[in-house]
Amino acid sequence: MKEPKLKEKRWSKDIEKEIYLKWKEEEPYKFDLQSENPVFSIDTPPPYVNMPVHIGHVTTYILMDMMARSRRMLGYNVLFPLGLDRNGLPIEMEAEKRFKVSLTKISRKEALKLCRKILEEASLASVESFLKCGISFNSWKIGPGIGEIYLTDSDEYRALTQATFIELWRKGLIYEAERVNNFCPGCGTTIADAEVVYEEKLTLFNYIKFKVKETGEDIVIGTTRPELLCSCAIILFNPSDDRYKHLEGKTAIVPLYEKEVLIKAHPIADPEKGTGLVMMCSFGDLTDVRFFREMGLKPIIAIDSDGRMNENSGFLFGLSVEEAREKIIEELKNKGLLVKQEKVMHRTPVCERSGHPIEFIALKEFYLKQVEFKEDMLELANQLNFFAPQSRQILIDWINSVSIDWPISRRRVYATEIPLWYCKSCGEAILPEPGKYYQPWNEPAPVEKCPKCGGKEFVGEERVFDTWFDSSITPLYILGWHRPGGIFDRVKRCSLRPQGKEIIRTWLYYTLLKCYLLTGERIFDDVWVNFHIVDEKGYKMSKSKGNVIKPEELLDRFGAEPIRLWAAVEGDITKTDFKCSFERIGGAAKTITKLWNVARFISIFDKCDKPEKLCMLDKWILQELNKLIKLARKSYGKYDFHVPAIKLRHFLWETFASHYVELVKRRAYNSEGEFSQAEQRSAIWTLYECLRLMLLLFAPILPMISYRIYSVLFGKDVHKESFPSELPKEEIPFSTEQLIELNKNIWKKKKDAGISLKDPLNKFEIPKEFKEIEKDLTSCHNLREVVWV
RNA sequence: GGGCCCGUAGUCUAGUGGCUAUGACGUCGCCCUUACAAGGCGGAGGUCGCCGGUUCGAUUCCGGCCGGGCCCACCA
């Protein structure tokens, strides 16, 4: 027997390693600035550097890689860069935890030093995992070039963030205002609505006794925020609530503080809630804010920007909100003013990053106008192609819910600085020229004299940007907008934004908004929105649940190709979550082995040229494969790898391996000389041709195994080949189903007769449609006599 | 309270107004048949969530319900 040209007995992650290290070294997927081909650009989500890579990242980047690889084979010049997010609170929070300091309480330079330390230590684990997965990023080097790995805290990136601010400022789209907004005491900064999430928390609903001044009667008010008693401005009941009609216009006395407040009917009070009486405090939530504004009530601010109670709260002064709540409850209890307490589940607004409950505090912040652009944003949302189409609605719902402009300034340290200085004498804001990275707190103003008053002294702005203000320009950055050598002017927009559905209201929305305000157009053609990877039981993976599956663990156990096949075969992640199951990934690994074995078998034969005329059986299998070529071309273009992967796998195991290979084997060997040389050549050529086409179809999904087999057997890089076009149509006298049925019948008959598959069968009836493949049939099944029917 | 999505064998999944509902994993039985036992062959397993309607005919279209997930909203 001949030696297979594929030496290794089976596929292994060691072979994978050889290949990805070679790719890392040679960078075969480098973005080609000279190419004339149409550009296909992918705005890859930049993962946070200091967080461990989640299996969800790995899976979605694998799917993005399939998109990149298939577009390359379809003739596009693909821009597929990796970015790493290094700005903002996650870094700062880790620094605070690790070094046990509050970054806002130490010197700014010191604080930045600690953050840089965290960043230095943050291993490039994510980069390493992506490499092992065979992801075809343009480059593995960090740098400013188009396609290179970019860091969101690099001077280049921050300079661009600042340039966008300067431009938006000049367009009059940014203003500063003091208004009550979401404030996270944990982070010590204002945050946007998009960063607020709600958590069901068990809270005590406290029933507190007030006295009515005029009648001396007691009334009872339920509240979850007793610590705000000092800021109580009015007490409301519903106009339809007969229990309290007699209280209209009377005065209540706030317990402990002995302050007098009005009692009034107002539809905002719900008779069903608590006792039907509600106290309005400044501020328990944003409704209160609105209410105070509408009623012209003067708010009493009880919580300061450090999250502690201020002098207005009297005996609670200096306590944190939680401490204050405990203390005041204690005090109310002691004085017999607390009637009862109920435990209620309460939807509490918390900060998405720190998990700290939100307070409502007025601070001066910069805002980017967005409310007046809602209609434009809805229009953009309708112009985009969403994959899956249902995801569009999530964006539309969010746009419709926008009610205030976007607060973009933050009182933190490790983020892009707001590039502004102020004249010390007249307060005029001084804007620098765009194009450079500025640190106003650390460097002199860009002007000598104030253009307004001629003053010569300036003070630098200390606030920084919301991280989303940085993240919302990734497409502009990767396309090199406003950058020499960039391709933005040529391509105008980014082809594809792939991202998770949980960041539609932040990353997608803000990117569309900002790029629209800057360029006047939609920045993407397509948006691909993915669901998530959950554990085997369907629960979200989290550290606290201890159900996190690390990608490294999977890569170690299976290698990348089985994970990649699983990612395609498991389901449609734009419509549903994937359950991560070792069993299923292991199942995918079998297909990798099968592909390897099939190729190894074919590699036994010496490749030959295409014969003049192909045998009917060979024409048939090529027509079968042609169906897959058609399907894959269509589906890959729509980012659907699921259906083609399933069909490809089935073709490989069933149609090709079980039926075609079994039937053609003896003709390919032709060890007894029963076939002509032309017939033998037809078999061998077709085996190779099928393998070649299968590898081309599999290449975007299984890049490493297809790369290896293709280079050994065909001497070329499969990823530099064009995607196969449809084959010319041939008439086949029998159907695939008929043929499979026929084979199965013969196998079954032999089995029932208790004879071996290679034993002869004396008489067998075969439909005459198969006449043209008679020799293959009789030889394969060892049929002595065929009765044609 | 409003909205969106989902519901097909133990698990995952394809699919369509019409043949006996697709395929995989798992499971059971038999088999080392010379590429592959990480294999081959064969079998079991389903009222396509429930109830109505449209239709000659519904898993598919429509309405309602139940179950699951997500998002939004002023429940103090």
Side-chain angles (χ1 to χ4, degrees), chain A residues 1-2 4 6 9-11 193 197-198 203 205-206 221-225 228 235-236 268-270 272-281 284-291 344 346-347 388-398 400-401 403 501-502 504-505 531-532 534 536-538 540 562 566 569-572 575-579 581 583-605 642-643 645-647 649-651 653-654 657-658 661-662 665-666 668-669 671 687 743-744 747-748 750-752 754-759 780 782:
Chain A
M1 182 153 131
K2 294 175 194 163
L6 293 169
K9 282 215 95 155
R10 60 181 48 129
W11 185 253
D193 285 346
V197 291
Y198 289 83
T203 316
F205 195 60
N206 303 281
I221 293 169
T223 180
T224 57
R225 301 294 303 267
L228 292 177
I235 286 168
L236 305 175
I268 200 175
D270 182 348
E272 304 291 310
K273 296 282 146 58
T275 60
L277 287 170
V278 55
M279 64 171 188
M280 299 305 285
C281 299
D285 56 44
L286 283 175
T287 333
D288 297 348
V289 179
R290 219 168 297 154
F291 183 82
V344 290
H346 183 227
R347 280 194 90 218
Q390 303 89 289
S391 300
R392 185 194 315 274
Q393 199 57 41
I394 305 176
L395 177 62
I396 290 175
D397 288 348
W398 177 253
N400 283 326
S401 78
S403 65
K501 70 172 198 162
E502 78 287 357
I504 287 179
R505 64 180 189 168
F531 281 55
H532 300 287
V534 293
E536 204 146 8
K537 294 190 193 77
K540 201 170 158 178
W566 169 79
V569 144
E570 182 67 11
D572 182 348
K575 294 203 182 100
T576 172
D577 287 344
F578 280 15
K579 288 179 191 158
S581 139
E583 207 173 75
R584 300 188 149 268
I585 298 173
K590 289 187 180 178
T591 300
I592 309 299
T593 308
K594 188 72 181 180
L595 178 59
W596 185 254
N597 280 326
V598 163
R600 225 165 93 84
F601 166 66
I602 293 172
S603 80
I604 291 171
F605 303 103
H642 176 55
V643 174
I646 285 179
K647 298 253 156 97
R649 177 180 61 181
H650 186 243
F651 176 84
W653 284 98
E654 289 295 316
S658 292
V661 170
E662 288 306 323
K665 223 181 211 173
R666 294 179 60 91
Y669 280 123
S671 41
L687 281 170
N743 284 330
K744 288 196 167 180
W747 286 323
K748 192 167 164 53
K750 289 190 176 182
K751 200 176 148 83
D752 290 348
I755 59 174
S756 151
L757 289 183
K758 60 187 171 191
D759 287 338
C780 168
N782 200 0

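Proteins come first, then strands; the chains are lettered A, B, ... in the order of their sequence lines, and each starts at number 1. Just the heavy atoms: all of them, side chains too, but no hydrogens, waters or symmetry mates, feed the values below. Just so it is clear, the model here is predicted, and its values are computed rather than measured.
Base pairing of B/A73: no nucleotide in any strand meets the Watson-Crick or G-U wobble criterion (both distances under 3.5 Å). Here B/U60 sits opposite no nucleotide as a Watson-Crick or G-U wobble pair (both hydrogen-bonding atom distances under 3.5 Å). Across all strands shown, B/C32 remains unpaired; no Watson-Crick or G-U wobble contact has both distances below 3.5 Å. Within the shown strands, B/C25 is the pairing partner of B/G10 under the Watson-Crick or G-U definition, both distances less than 3.5 Å.
Each of A/Thr223 and A/Trp398 was matched to the nucleotide of RNA chain B holding its nearest heavy atom; the match closer to the 5' end belongs to A/Trp398. Mapping A/Asp193 and A/Gly274 onto RNA chain B via the closest heavy atom, the residue that lands nearer the 5' end is A/Asp193.
Of the P atoms belonging to B/U8 and B/C48, the separation is 11 Å, rounded to the nearest Å. Distance check on atom C1': B/U59 versus B/A14 gives 13 Å, rounded to whole Å. B/C50 sits 22 Å from B/G15 when the C1' atoms are compared, rounded to a whole Å. Nucleotides B/C61 and B/C70 are separated by 26 Å at their C1' atoms, to the nearest Å. Comparing the P positions of B/G7 and B/C62 gives a spacing of 14 Å, expressed to the nearest Å. Taking atom P in both B/C32 and B/C41, one finds a spacing of 15 Å when rounded to whole Å. A distance of about 8 Å separates the P atoms of B/G49 and B/A9, rounded to the whole Å. Taking atom C1' in both B/U13 and B/C71, the straight-line distance is 26 Å, to the nearest Å.
Between A/Trp747 atom CH2 and B/G42 atom C1' there is a gap of 12 Å when expressed in whole angstrom units. Taking atom NE2 of A/His642 as the reference point, atom C1' of B/C25 lies 14 Å away to the nearest angstrom. Distance NZ (A/Lys750) to P (B/G42): 14 Å, rounded to an integer number of Å. As a whole-Å value, the separation of A/Lys575 NZ from B/U8 C1' is 15 Å. In this structure, A/Ile394 atom CD1 and B/C6 atom C1' are separated by 13 Å, rounded to whole Å. Regarding A/Lys501, its NZ atom lies at a distance of 11 Å from the P atom of B/C5, rounded to whole Å. Atom CG of A/Asp572 and atom P of B/G69 are 21 Å apart (whole Å). Summarising the geometry, the separation between CD1 on A/Ile604 and C1' on B/C36 is reported as 10 Å, rounded to the nearest angstrom.
With no hydrogens or angles considered, no side-chain donor-acceptor pair links A/His642 and A/Glu570 at under 3.5 Å. Side chains of A/Thr591 and A/Trp653: a donor-acceptor N/O pair is present below 3.5 angstrom, by distance only.
Closest to the side chain of A/Arg584, out of B/C12, B/G23, B/G26, is B/C12. Counting only heavy atoms from C-beta on, A/Tyr669 has its side chain closest to B/A35 among B/A24, B/C6, B/A35. In the set B/C72, B/G23, B/G15, the nucleotide with an atom closest to the side chain of A/His650 is B/G23. Of the listed nucleotides (B/A73, B/G3, B/A35), B/A35 has the atom at the smallest distance from the side chain of A/Phe601. The nucleotide whose nearest atom lies closest to any side-chain atom of A/Glu570 is, among B/C5, B/C12, B/A35, B/C12. Among the nucleotides B/A38, B/A35, B/C12, the one closest to any side-chain atom of A/Arg10 is B/A38.
Among the protein residues, A/Ser603 comes within range of no part of the nucleic acid, since none of its heavy atoms lies under 4.0 Å from any strand. Across all strands shown, A/Trp596 has no heavy atoms under 4.0 Å from either base or sugar-phosphate atoms. Here A/Lys594 lies in heavy-atom contact (under 4.0 Å) with a base. Across all strands, A/Met279 comes closer than 4.0 Å only to sugar-phosphate atoms, never to a base (heavy-atom distances). Contact annotation for A/Arg600: no contact, since no heavy-atom pair falls under 4.0 Å across all strands. At a threshold of 4.0 angstrom between heavy atoms, the contacts of A/Ala388 with the nucleic acid are absent. As judged by a 4.0 angstrom heavy-atom cut-off over every strand, A/Ala588 is placed among residues making no nucleic acid contact. Nucleic acid contact for A/Ile646: sugar-phosphate only, since backbone atoms but no base atoms lie under 4.0 Å from a heavy atom of the residue. Across all strands, A/Lys744 comes closer than 4.0 Å only to sugar-phosphate atoms, never to a base (heavy-atom distances). Heavy atoms of A/Val661 sit under 4.0 angstrom from at least one base atom.
The shortest distance between side-chain heavy atoms of A/Lys9 and A/Arg600 falls below 4.5 Å. Residues A/Phe601 and A/Lys665 have side chains in contact (heavy-atom distance under 4.5 Å, counting atoms from C-beta outward). Between A/Asp270 and A/Val278 the shortest side-chain heavy-atom distance does not fall below 4.5 Å.
Figure legend: cation-pi geometry between A/Arg505 and A/Trp398, with NZ or CZ positioned under 6.0 Å from the six-membered ring centre and within 45° of its axis. Seen from the ring of A/Phe531, A/Lys575 does not count as a face-on cation partner, given the 6.0 Å and 45° thresholds.
Residue A/Lys665 has a polar side-chain atom (N or O) positioned under 4.0 Å from OP1 or OP2 of B/A35.
Looking only at distances, a side-chain donor or acceptor of A/Asp577 sits under 3.5 Å from a matching main-chain atom of A/His532.
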